[in-house]
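What follows is a set of notes on a single structure, which appears directly below.
Treat the numbers as computed from the prediction; the structure is a model and nothing was measured.
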Amino acid sequence: MSKRKSFPVRNLPKYIMQWTALAAILFFLTGLAGLVFPEMEKADPEAYCPMGGLQAFCTYLVRGSLPCSMTTMQIVMGLALAATVIFLGKLFCSYLCPIGTVEDLLTEARRALRIKAIKIKSFGVADRILRVIKYGLLFLIFYMTCSSSELFCKKIDPYYAVATGFQGEIILWLSIVIVALVIVLGFFIDRFWCRYICPLGAASNSLKFYLPLGLVLLVFWVLSLLGVSVHWVWILATFCLVAYLLEAFHSKPKFQAIHLVRDEQLCNKCGLCSKRCPYQVSIGSFGSRVDSVDCTLCGDCIGVCARKALNFSVCKPVKKASCLRRMLPAFLAIILLVAAFCFGNQFELPTIDETWNMENVDESKLEKMEMSGLRTIKCFGSSMAFKARMEKVPGVYGVKTYVGKHRIVVLYDPAKISEEKLQQLIFVPSRFRVSSPNPYEIPSLKVYTIRVEKMYDKFDLNYLGLQMRNTDKKIYGVESEFDCPVRVRVFADPSEQLDKEWFKEIVNRESLDMPVHGGGVKKTPMNLEFVRMEEGVDSVATTEFLEKMFDGFYATYNGRYDGADGQKVVRKRAEQYAGKKQFIYELADTNYQKPIVRRALPFLSNHISREEGIISMKLTLNKEYVPALQIRYAAPATAEKIWSLLQEEMWTITYKVDDVRQEKPRLVFRKEGVTFPVTE
């Protein structure tokens, strides 16, 4: 008997593709790409996911909008997957899917350790029952995504959970359980996730039965022509049910261009091919052509066939094995991936395309205004928020948003609102604090005014402020105000002497270069254009500047008290404790203005609000102009009790009346606050 070959040699095309795809994913998600290509933005784990693309496409058909931050790129990737499965086969599953690669590695590890696998007979009772799981998940994912315009698959996708370090839009415990299932069950059962859980696998298998399922969709279309209204949920449910029944009880789709062929004269029916198949396909039970819904054209069976009785064929059987033909699926997978990537960048579908109040409006008199570079337009949610703003503007009748290029198109009546006025309404004045001067050491600041084009939202001003922070100049802050061009005020130290050439060089830089943790530089593209510098230099009191730049927080609390009839009533605690002696518990810290700290304040407020006697909490500047948390309270609350609440190992967060959770603290307080009485 010939010596058994090592596994990389048995199926070299597959391993090259799998490891290349996995290495590329790690290259981008670990940040290595940012070191090699500094101008590249941080990779999105869902950027090229075909499953997200299929969900985005279906959501567009159902709602006329795209979910989350999905763009045409994801849709093209999803449609490319669908076309590949229909005409060629499940190439993504065998050559590109990172979870499939991990499942194969787990199988190799088990074989290396000589641990016996758990076999589930293909198309036995247990196998058919387990297959229904992925179709149930397929229905759930598409239903939830189309209903909410949020990618529901993120909550159960093991790839997304690992790629984001379990920090993404996930349900933590569920993600941990699913990743554990992939690893543990994938170790003992060949491709357990792919065979029984993966919703993308369910979608791919269903597309192999495109003729019968196409007929089902045709029936619904004919019913709609006849005036019978069928909700899309029933169409989705029928599609998933029929697809499951076809897979579980038919399992032999036809009309696939590339398929596995078996030379019946060379084959000695040794069974090695079936043992090696990740899906346990009984290859020997087929004739010259292996038509199995589970076949992914991976080539593992070809690699172990000593008789060379197996190979890939295009449309018709072949008698002679060919090494080049064996590489055909991997080669086609590369071509289709590159083609989808190139085509997906050529155009973009709108994330939303909404019109309103079009009754009695002469559409021929309406005009469109386009703006690009609005970085706040980055997902479905921000697009809908923008639409809500525009609905309140008289003379505006519709909006389109394109999140990929941060672009908007506004449909408006020029007789009711001018383009300049519309730009003013879209523009959001903002401010950015670069650093905080000490008002006792620097009583006043210089104020320079410059004019800038192509500044559309707060992100542009933030990036300009960061650009100035990276210089050796003492710049304390910037603020924007709408004008044509936009007016930008720069607050600088009295000792600084800034001129037109310095501002021009800073504003016109093509990118913001920021060092990243671990080394390297992140380049953020900038497209601002310096116009001019206003004559004269103003001044402002430092205290006024600090108040202008400060972002406060304020929350008041209610309580349940005994009413006149003995029933519990809800009253504001400020009213309940009016006339009683009140105090302020103050914790001063310059870090309170950091975004990560500010995001935690609503949770802290929620946690302390349960304590009777605590009236309100606010973030403000204290008498020394230092950021400070001020917790207002009256008896029975005390300073000691408040400090105890802040030091608890778990915070009590009330999301709803029936949803109270214990969560880890989001802020750490190391120094006790000071207490003083309320004087007003």
Side-chain angles (χ1 to χ4, degrees), residues 6-37 40 42-53 73-74 77-78 80-81 84-85 89-112 153-154 156-168 170 175 178-187 189-195 197-201 204 276 278-279 296-300 303 327 329-341:
S6 61
F7 80 88
V9 176
R10 287 201 304 263
N11 195 6
L12 192 59
K14 171 185 173 181
Y15 292 114
I16 290 175
M17 280 293 295
Q18 283 188 329
W19 282 93
T20 301
L22 190 60
I25 291 171
L26 292 174
F27 178 69
F28 287 104
L29 292 182
T30 58
L32 291 175
L35 299 178
V36 180
F37 307 104
M40 183 175 293
K42 185 178 180 181
D44 178 4
E46 296 288 317
Y48 306 107
C49 175
M51 186 61 178
M73 173 60 75
Q74 285 87 8
M77 286 293 180
L81 170 81
T84 302
V85 172
K90 299 195 295 183
L91 303 184
F92 178 84
C93 297
S94 54
Y95 295 99
L96 299 174
C97 179
I99 301 179
T101 301
V102 171
E103 292 271 274
D104 285 348
L105 289 173
L106 291 170
T107 299
E108 293 297 340
R110 188 196 67 239
R111 288 171 177 164
C153 66
K154 291 182 179 181
I156 61 172
D157 184 356
Y159 160 70
Y160 181 79
V162 173
T164 59
F166 293 91
Q167 298 296 318
I170 63 172
S175 296
I178 290 174
V179 171
L181 282 176
V182 171
I183 296 173
V184 177
L185 294 179
F187 181 81
I189 304 172
D190 290 346
R191 287 238 178 180
F192 181 86
W193 169 269
C194 307
R195 291 167 68 183
I197 309 296
C198 180
L200 182 57
S204 298
R276 185 67 193 180
Y279 290 86
T296 64
L297 302 177
C298 70
D300 278 359
M327 296 175 64
F331 182 68
L332 287 174
I334 295 173
I335 292 178
L336 291 167
L337 178 66
V338 173
F341 180 80

What's the spacing between [X] [atom1] and [Y] [atom2] if we round to 0.5 Å?
X	Y	atom1	atom2	value
Gln18	Asn11	CD	CG	8.5 Å
Phe92	Leu336	CZ	CG	12.5 Å
Cys153	Tyr159	SG	OH	11.5 Å
Phe341	Met73	CZ	CE	5.0 Å

What heavy-atom pair brings [X] and [Y] nearest, and what distance separates the two atoms?
X	Y	value
Pro278	Arg191	CB-CG, 3.8 Å
Leu22	Pro98	CD1-CB, 4.2 Å
Tyr95	Thr296	CE1-O, 4.5 Å
Asp300	Arg276	O-CG, 3.6 Å

Sole candidate of Thr84, Val85, Leu81 that passes side chain to side chain contact (heavy atoms under 4.5 Å, CB included) when paired with Pro50 =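 In the set Thr84, Val85, Leu81, the residue that makes a side chain to side chain contact (heavy atoms under 4.5 Å, CB included) with Pro50 is Leu81.
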Would you mind telling me which of Val102, Ile183, Ile178, Leu106 makes a side chain to side chain contact (heavy atoms under 4.5 Å, CB included) with Trp193?
->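 Going through the options one by one, the only one that passes is Ile178.
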Is the number of heavy atoms from other residues, nucleotides or ligands within 6.0 Å of CZ (Phe331) greater than 12?
->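 No, the 6.0 Å shell around CZ holds no more than 12 heavy atoms from other groups.
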[Y] and [X], any side-chain heavy atoms less than 4.5 Å apart:
X	Y	result
Pro199	Met51	yes
Leu105	Trp19	yes
Asp190	Arg110	yes
Cys93	Leu91	no
Cys194	Glu103	yes
Leu297	Lys90	no

Test log, rule side chain to side chain contact (heavy atoms under 4.5 Å, CB included), inputs Lys154 and Thr164 = CA-CA 10 Å; Lys154 291 182 179 181; Thr164 59; over 6 Å; no
Please report the C-alpha distance between Asp157 and Ile99 in whole Å, then the side-chain angles of each, then the deciding distance to 0.1 Å, and finally whether the side chain to side chain contact (heavy atoms under 4.5 Å, CB included) criterion is met.
-> CA-CA 10 Å; Asp157 184 356; Ile99 301 179; 4.0 Å; yes
